[in-house]
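Down below is the structure, laid out as structure tokens.
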Amino acid sequence: MAGLENLPTARQQLTAIAWLRSRLFLNNFRRKGGKGEVIARIFLYPLFALLAIFPIVGAGVGAFFIVSRNRFDFLPYLLWAIAFLWTTLTISTQAQAPSFDLGMLIRFPLRFSTYLATRLLFGLLDVPTVVSSLSLFAATIGIGIARPELFPAAALVLLLLDLTILFFFRMIFLWFERLFAQRKTRELIMGLFFVGMLAFQYVNVTVNSGNHKASTPAEQAHHTRRIGIAMRAAHAAAPVLNALPPGLAATAIRDLAARKPTQAILPTLGICAFAAAFLGIFARRLRGEFHGESFSETAAPAATPPPIAAVPSSPSLTLTPTQTLSSTPRLSPVLAACMIKEIRYITRSGPLLIPLIAPVFMAFIIVTRSGLANHSGPWLLPATLAYVLLALTANMYNILGIDGVGVQLYFLAPIRFSDVILAKNLVGLALIAVEVLITSAIVLSTSATPDLPSLLSTYLWLAFTLLISLTLGNIRSIYSPRLIDLSKFRRSRQGQLNVLIGLLILILCAALGAAVLYLASHIHQPWLPVPVFALLTALAGIFYRLNLDHLEQIALDRREIISSELCKT
Amino acid sequence: MTPTTPAVVTTGLTRRFGDFTAVQEVNLSVAPGQFFGFLGPNGAGKSTTIKMLTGLLAPTSGSIHILGLDTTASPLEVKRQIGVVPEGLALFGRLTGSEYLKFVGQMYGLDKVLTAQRTAELLDFMSLASEPKKLITDYSHGMQKKLALAAAVIHGPKILFLDEPFEGVDAIAAGTLKAMLQGMIARGATIFLTSHVLEIVERLCTHIAIIDKGRLITHGSLEDLRAGVATASNGSRHLTLEEIFIQVVGSQHTADAPARELTWLG
């Protein structure tokens, strides 16, 4: 068999796959715009690390205090908080996962165990996994410092918990891809997701009052009642929560701390059972894929040839060349068609829809749970809106990415490319307007309403920032388009440079806004920011309009690069 | 445009990618109503030429006139007159077939009623109407090809450019496509296609051009080519297109390649 006497070992194959991954990663930087990506990562990664340090240190310090003060009743909450952090990060961040579909590996002579190991090992450096695993590690260290004799056993239990949660997410995402591959289940899951989020927010509003100190007897009574509801809810949920992996891990550590190692065996075995179940379900699904079942939406089912008898009876085509270019006075048909297409794309793609929902969801949690709403400074609304904007602006810098091969149509059809850009911008703006509206309602309903000049300044600043981001995003989208794979959950690629540019623009606009506000406050002219931001918005609008015309020619000059980048398979 | 205006004329058409010249000084003329086959081996410059003709790629030098209109001076007017099935098919996977055709119709400026009428007719003709809710991403390759062709003709183009329309298409779907293309030719449209399936080209095309290494080697009616090659080889036998192609292009390639054998195979 031409030198194929022995099958390669699993180790050889894993090494080869790791090499492939590393080459893909490095070659990614050799592409056009690759240097920009490196620079973006150099700037962004320390920033991410800085943000990640808070939960990690918090977990360590929290575990230390819980163990040193013997308050093991709080340990389940800490471990559940880490599990919640893992979930939140998983929903709100993009995967740093392999830049190729691991499913393609099945065409090689791979053993299933090797394939399973590959699917488990790759993606371990994903942000949620790293941050949450480090948080669990920090908690282990915290426990170890408080009670050094507990360290080895706690490390083992928390390592088991870490693996269990890892297997859980691997399982969930494989099932998600499977479920999202069918239109009906995709819509059902999205519906359930919405309902789940709303229910969570309802519970949150009902029981949480943040850090607000009740000042009047009525407020105190209300606060006590809500605390009572929360306590009852916590007690009711406790048996369930304690029977799940984070609760089991906390119970095991508590038993170990109480020098009852035999009692700790049962919850530890419980975690092992969960881990085995998650891994088993994951492996079962994966085995299906390994044997040729396709989970991906892009995989077309086998062709069903039309009945032969249907061909001769097909109606004949009597198309004639047409000169009809519609002259609708309001919205041009091209603009309307592109906008409808954009909306259909967004509503039919979980990977596009969830990042749109997540910022408002997170803003809600941050504003209501942290008690920020009760420190109702004038900065709360602009800061929250800036946060929502931060999460959404990265999409503005790659507006052609979702079109894939369809982008060719824009160059083939007798249309102005700027109309396509305008349609995408209008849909993007409409979505952001809805998010801004919801976020404003959340902030304004939970905190004191700012005065009119602050309110007007905030929205004018927002309009200015949006127009600047849109303009620069359009330029970036044409100069550096990146294909977004809508069939894979958490695997779209906006590019780190786009994230960095979006962040920098937002920081610059925020700094400008802060400077104007500071000046207005310094000279006691609270209305000053309003005309200033109105002028800036008008200038940004003119800049946007002029740029849109200019982009027409740029897109035409770069049509080959755009097509070749987005038509990649 | 007069009735005698050529459908496609290229003059000195050249495209370079850095130091590499993909298409060099191509002078081509396609008359209205011709079923024109554009052939060549892999990497010969077929797709680059068709991309330039359809406005997907700008020429480095030279000019293109479609129905008498300069593609550089009047790109939108040219695009309204042509239909294209490009290499990548230009489909939007998250739309249904019906939605996609409606979208394309609107992009070409058809009014809603006409677009809806033609969408229904095309989907029916292409046997794609049975699963109206199916997303394009879930279509088989053959179904996607048929849909791309439907999209290319929805506005009733005078010239249709097809890049490998029969690649990956089963015999039944190919039959549907061929019937439709022949119907268009009968109604006066011009079709310009590239294909590796020489039997289909021979059966459909009246005129052929062969490109190799970026240069146009020969072009004319199939009978002219047949006569030219037969004369050159002093034969009187009726040559197939495959034989003509191999004589014009293949002999040069096989002569260049040394006789080699992969002894470890089998």
Side-chain angles (χ1 to χ4, degrees), chain A residues 2-3 181 183 297-308 310-312 314-326 328 333-334 336-338 340-341 344-346 348-349 402-416 486-487 556-557 559-560 563 566-567 569, chain B residues 51 54-58 75-81 84 86-95 99 102-104 106-111 114 118 121-122 124-125 127 133 135 137-144 151 153-158 170 172-173 175-176 179-180 183-184 187 264-265:
Chain A
R183 186 169 161 155
E297 237 175 303
T298 49
T304 314
I308 294 170
V311 176
S314 295
S316 62
L317 278 176
T318 52
L319 300 183
T320 50
T322 180
Q323 300 292 318
T324 50
L325 266 179
S326 176
T328 311
V334 171
C338 289
I340 291 167
K341 180 244 142 197
R344 283 183 172 144
Y345 251 61
I346 291 164
R348 286 171 189 177
S349 168
I402 59 168
D403 288 325
V405 292
V407 80
Q408 285 185 324
L409 183 73
Y410 301 142
F411 296 115
L412 292 171
I415 55 164
R416 283 166 50 82
L486 294 175
S487 64
L556 211 57
D557 293 343
R559 64 197 143 174
E560 185 202 344
S563 297
L566 298 182
C567 294
T569 51
Chain B
K51 277 180 184 168
T54 55
L56 283 175
L57 187 63
L76 295 193
E77 199 48 45
V78 167
K79 285 176 184 179
R80 284 176 60 196
Q81 310 280 359
V84 187
E87 206 175 7
L89 300 185
L91 299 171
F92 289 102
R94 296 293 158 135
L95 300 182
E99 288 166 354
K102 281 175 188 162
F103 173 66
V104 174
Q106 283 177 284
M107 297 293 266
Y108 278 91
L110 297 181
D111 65 55
L114 190 60
R118 288 186 179 181
E121 196 180 351
L122 281 164
D124 196 21
F125 183 85
S127 307
K133 288 192 174 175
L135 294 183
T137 194
D138 297 327
Y139 276 20
S140 70
H141 186 67
M143 290 165 82
Q144 290 187 346
V153 300
I154 194 166
H155 59 296
K158 289 178 180 165
D170 65 51
I172 296 163
T176 310
M180 184 184 157
M184 283 185 75
R187 280 184 285 277
W264 47 268
L265 260 181

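Quick note on labels: first sequence line is chain A, next is B, and so on, each numbered from 1. Here the structure is a predicted model, which is why all the values come from computation and not from measurement.
Here the shortest heavy-atom pairing between B/Leu56 and A/Arg559 reads O-CG, 3.3 Å.
Under a 3.5 Å cut-off, the side chain of A/Tyr345 and the backbone N or O of B/Gly93 do form a donor-acceptor pair. B/Lys79 contributes a side-chain N or O that, together with a main-chain N or O of A/Phe411, makes up a donor-acceptor pair within less than 3.5 Å.
Using a 4.5 Å cut-off between heavy atoms, B/Leu89 touches chain A through its backbone atoms (N, CA, C, O) alone.
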Please assess B/Met107 against A/Cys338 for the test side-chain contact (heavy atoms from CB on, under 4.5 Å), listing each intermediate value before the final yes or no. CA-CA 8 Å; B/Met107 297 293 266; A/Cys338 289; 3.8 Å; yes
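Taking CD of A/Gln408 as the reference point, atom CD of B/Glu87 lies at 8.0 Å (rounded to 0.5 Å). Taking CD of B/Gln106 as the reference point, atom CD1 of A/Ile340 lies at 5.5 Å (rounded to 0.5 Å).
Put simply, of B/Leu95, B/Val84, B/Thr54, the one with the most heavy-atom pairs under 4.5 Å next to chain A is B/Leu95. Taking chain B as the reference chain and counting heavy-atom pairs below 4.5 Å, the highest number among A/Leu409, A/Val334, A/Asp403, A/Leu412 is found for A/Leu412.
Between B/Phe92 and A/Tyr410, the ring planes lie tilted relative to each other; the angle falls in the 30° to 60° range.
For B/Lys51, the NZ atom is loosely surrounded, since the number of other residues' heavy atoms within 6.0 Å does not exceed 12.
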